[in-house]
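The analysis underlying the following values was restricted to heavy atoms, covering all of them including side chains, and did not include hydrogens, waters or symmetry mates. Lettering follows sequence order; numbering is per chain, from 1.
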2 protein chains.
Amino acid sequence: MSILKKISAKLEVMAPADRQIGQFIVENPDQMLRLSSAALAAETGRSQSSVVKFSQKLGYAGYQELKLAVSEAKAQEWQAPAGMIHGTIEVDDGYLTILQKLLGSKLQAMQQTIAVNNEVDIGRALKALHEARRIHLAGVGASSLVARDFSYKLMKLGRIVLHDSDSHVQMANASTLGPDDLLFALSYSGASIETLRIAELASQRDATVIAVTGLQDNPLTRVADIRLYTVGDEDRVRSSAITARDAQLMLTDLLFILLVQRQPDAHDYVHNSEAAVSALKAKRLS
Amino acid sequence: MSILKKISAKLEVMAPADRQIGQFIVENPDQMLRLSSAALAAETGRSQSSVVKFSQKLGYAGYQELKLAVSEAKAQEWQAPAGMIHGTIEVDDGYLTILQKLLGSKLQAMQQTIAVNNEVDIGRALKALHEARRIHLAGVGASSLVARDFSYKLMKLGRIVLHDSDSHVQMANASTLGPDDLLFALSYSGASIETLRIAELASQRDATVIAVTGLQDNPLTRVADIRLYTVGDEDRVRSSAITARDAQLMLTDLLFILLVQRQPDAHDYVHNSEAAVSALKAKRLS
DNA sequence: TGTTGTTTGGAATTTTTTATTCCAACTGTT
DNA sequence: AACAGTTGGAATAAAAAATTCCAAACAACA
């Protein structure tokens with residue numbers, strides 16, 4: 001436990017002088033780090049020796065050591081935001097609590113998504129993406145945005161990629177798929193009827209189908225050749241599918257990075273792509 | 001830049017004594033934190049005064065301040081855990097290393113984005129989003145996807161929102177903005193000419209302008225009434241702007257959640273919206 | 001090769017900060 | 001009231017940090 005929390009917890013059972021000093025430190029740890037023991041004493045209206053004794057009662061050799069501990073605790077606090085409060089965001093949560101919960105939920109979604117996909121399946125997906133003649137991305141709603149993001153990245157690698165936000169167009173495109181082609185279907189529920197139909201069509205036409213869905217049993221996985229999973233918040237109404245999207249992005253980003261790795265000339269492609277966009281900006285600005 | 005890196009960089013152009021002291025600090029920052037100036041002098045075979053002077057040459061008031069800076073730097077470093085693991089992904093990294101680096105980069109981008117935006121500015125943005133008659137979202141390329149994601153969410157809250165991925169359409173729409181309207185402009189570089197022009201137009205027409213850009217000085221912030229910042233990886237070619245996008249999403253997600261909080265009937269809106277989509281699915285499936 | 005100005009870095013000193021000691025005041029107990 | 005045990009500040013000792021001062025090393029130049 002962080003020293004700041006430890007102090008907070010003990011605050012009530014402390015003697016008046018210690019409580020006052022402790023309270024100041026808990027409330028203004030940043031300031032405390034810049035104060036000498038005498039200055040801190042003045043700030044709290046106590047004596048310098050009391051400050052030193054306070055430090056020693058907490059188990060440190062002296063004030064300096066306490067400072068070091070506080071500094072470390074402040075760092076730590078950021079790192080694993082306060083117990084990484086996951087849990088639903090409530091109406092009366094303060095700003096900081098919301099921040100922590102949001103970050104915690106996102107992190108958890110990403111970590112769990114990593115955890116549920118084993119390296120073997122990722123590898124198979126990678127191989128399929130790498131060898132496909134043409135890659136078609138399917139997804140509606142929020143999943144469509146992830147699909148588009150992924151398509152931009154794949155294009156940067158020089159791959160032939162297709163995605164349209166209109167599911168009818170997606171369907172029309174899917175009808176042109178062949179055995180050497182790949183359908184990458186994204187749906188958190190795995191039950192979006194448009195995406196499902198497109199996947200079925202692609203499967204009939206012998207294209208390889210990769211499905212990225214949530215863990216629950218769903219029709220889309222049954223059509224797929226390769227199954228990848230995303231883990232998001234259950235309470236999708238409240239979180240408004242934020243974590244589901246983050247999980248999907250985590251997975252597609254991971255696939256992209258791994259693809260870059262196994263494609264020797266990837267860096268050139270990406271670089272050229274960025275350069276082209278930059279050139280566009282420069283030209284227009286002049 | 002972290003003080004440790006700053007020292008490393010200057011190491012060659014330093015005088016012998018300073019170099020020796022600097023080197024020790026860079027190599028053993030942990031140990032240095034527990035050493036007094038005299039002890040550090042002994043450790044490096046130099047004089048105590050040289051240690052103090054070294055600190056001052058770096059711009060600190062004295063050794064104590066340098067210590068504090070080093071402690072902070074170490075904290076920062078540790079935030080992207082131990083070599084974490086942030087750092088560029090290399091060609092010969094293993095699967096696990098890549099996972100860690102990717103997750104680390106994402107986490108860091110989100111944390112830093114939280115850190116650079118103070119609650120006051122967020123509050124102002126929130127108020128503007130809350131009171132605006134109409135909200136227009138501007139952004140091209142990857143930022144357009146974030147804008148669209150945000151627009152979907154705002155729509156769920158019953159707000160009047162406009163976004164089109166075509167920048168010409170965005171411009172046309174912006175020309176209809178008035179004093180009660182809001183332009184929310186996203187651009188990581190802050191220099192995308194299309195987004196900039198749209199923001200200028202909106203500003204001329206007296207609409208409130210919120211700019212979400214990277215930290216570097218850029219033209220877009222100069223047009224904006226409210227400035228929010230995102231922190232992403234510097235090496236955008238390699239990471240392919242993954243973290244920049246994550247940072248933008250972190251910010252928009254946060255704004256969304258906070259909006260939900262201050263809008264009493266938000267939950268109903270969101271619920272109805274989700275229900276409508278579900279109904280659509282169910283009907284089609286039957 | 002001397003002269004001069006500058007930089008470097010340590011010894012000595014002063015100042016500040018930290019840690020310890022000691023004692024008075026208070027608290028609760030018998 | 002007497003006692004033991006806390007509590008907390010004043011005074012002091014010890015340690016650490018910062019400044020001053022000066023000598024050696026170095027560089028530029030006549």
Side-chain angles (χ1 to χ4, degrees), chain A residues 3 6-73, chain B residues 3-4 6-74:
Chain A
I3 179 61
K6 217 177 271 176
I7 295 176
S8 287
K10 284 188 184 173
L11 226 50
E12 300 116 62
V13 296
M14 279 178 170
D18 287 342
R19 177 154 54 229
Q20 217 162 344
I21 294 167
Q23 193 159 1
F24 184 90
I25 295 175
V26 170
E27 286 169 8
N28 322 27
D30 274 310
Q31 214 176 322
M32 174 269 191
L33 288 174
R34 293 165 204 289
L35 258 40
S36 73
S37 61
L40 175 56
E43 205 72 40
T44 55
R46 293 292 164 165
S47 75
Q48 183 260 338
S49 64
S50 291
V51 172
V52 174
K53 282 176 195 165
F54 173 85
S55 313
Q56 292 169 335
K57 278 177 200 160
L58 286 169
Y60 299 98
Y63 181 61
Q64 304 240 55
E65 267 199 22
L66 174 66
K67 259 187 168 179
L68 227 58
V70 169
S71 162
E72 205 156 317
Chain B
I3 179 62
L4 291 176
K6 217 178 269 177
I7 295 176
S8 290
K10 285 189 184 173
L11 226 50
E12 300 116 61
V13 296
M14 279 178 171
D18 287 343
R19 177 156 52 233
Q20 215 162 347
I21 294 167
Q23 193 158 4
F24 183 90
I25 294 176
V26 169
E27 285 169 7
N28 322 36
D30 273 314
Q31 213 175 325
M32 175 269 192
L33 286 175
R34 293 166 202 288
L35 258 40
S36 71
S37 61
L40 175 56
E43 205 72 39
T44 54
R46 293 292 165 165
S47 75
Q48 183 257 338
S49 63
S50 291
V51 172
V52 175
K53 282 176 195 165
F54 174 84
S55 313
Q56 292 169 335
K57 279 178 200 160
L58 286 170
Y60 299 97
Y63 181 63
Q64 303 236 58
E65 267 200 21
L66 175 65
K67 257 187 167 179
L68 224 60
V70 169
S71 161
E72 206 157 315
K74 285 239 17 151

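For Asp18(B) and dG10(C), the CG to P distance is 10 Å, given to the nearest whole Å. Separating the CG atom of Leu68(B) from the P atom of dA17(D) is a distance of 13 Å, rounded to the nearest angstrom. dT8(C) atom P lies 11 Å from atom CZ of Arg19(B), rounded to whole Å.
Look at Ser47(B) and you won't find any side-chain N or O under 4.0 angstrom from OP1 or OP2 of dG9(C).
Across all their heavy atoms, Gln48(A) and Ser37(A) have their closest contact at NE2-OG, 3.2 Å. Val70(A) approaches Pro29(A) most closely through the heavy-atom pair CG1-CB, 4.0 Å.
Legend: residues meeting side chain to side chain donor-acceptor pair (under 3.5 Å) with Glu65(A), ordered by chain and number and at least two apart, are absent. Remark: Glu43(B) engages Phe24(B), Gln31(B), Leu35(B) in a side chain to side chain contact (heavy atoms under 4.5 Å, CB included) (not counting sequence neighbours).
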* Any chance you could lay out the side chain to side chain contact (heavy atoms under 4.5 Å, CB included) test for Ile25(A) and Leu40(A), step after step, and finish with the verdict? => CA-CA 9 Å; Ile25(A) 295 175; Leu40(A) 175 56; 4.3 Å; yes

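Atom-to-atom distance recorded for Ile21(B):CD1 and Ser55(B):OG is 8.0 Å, nearest 0.5 angstrom.
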* Which letter, B, S or -, goes with each nucleotide of nucleotides 12-24 of chain C from 5' to 3', with contact meaning a protein heavy atom under 4.0 Å? -> -----SBBBB---

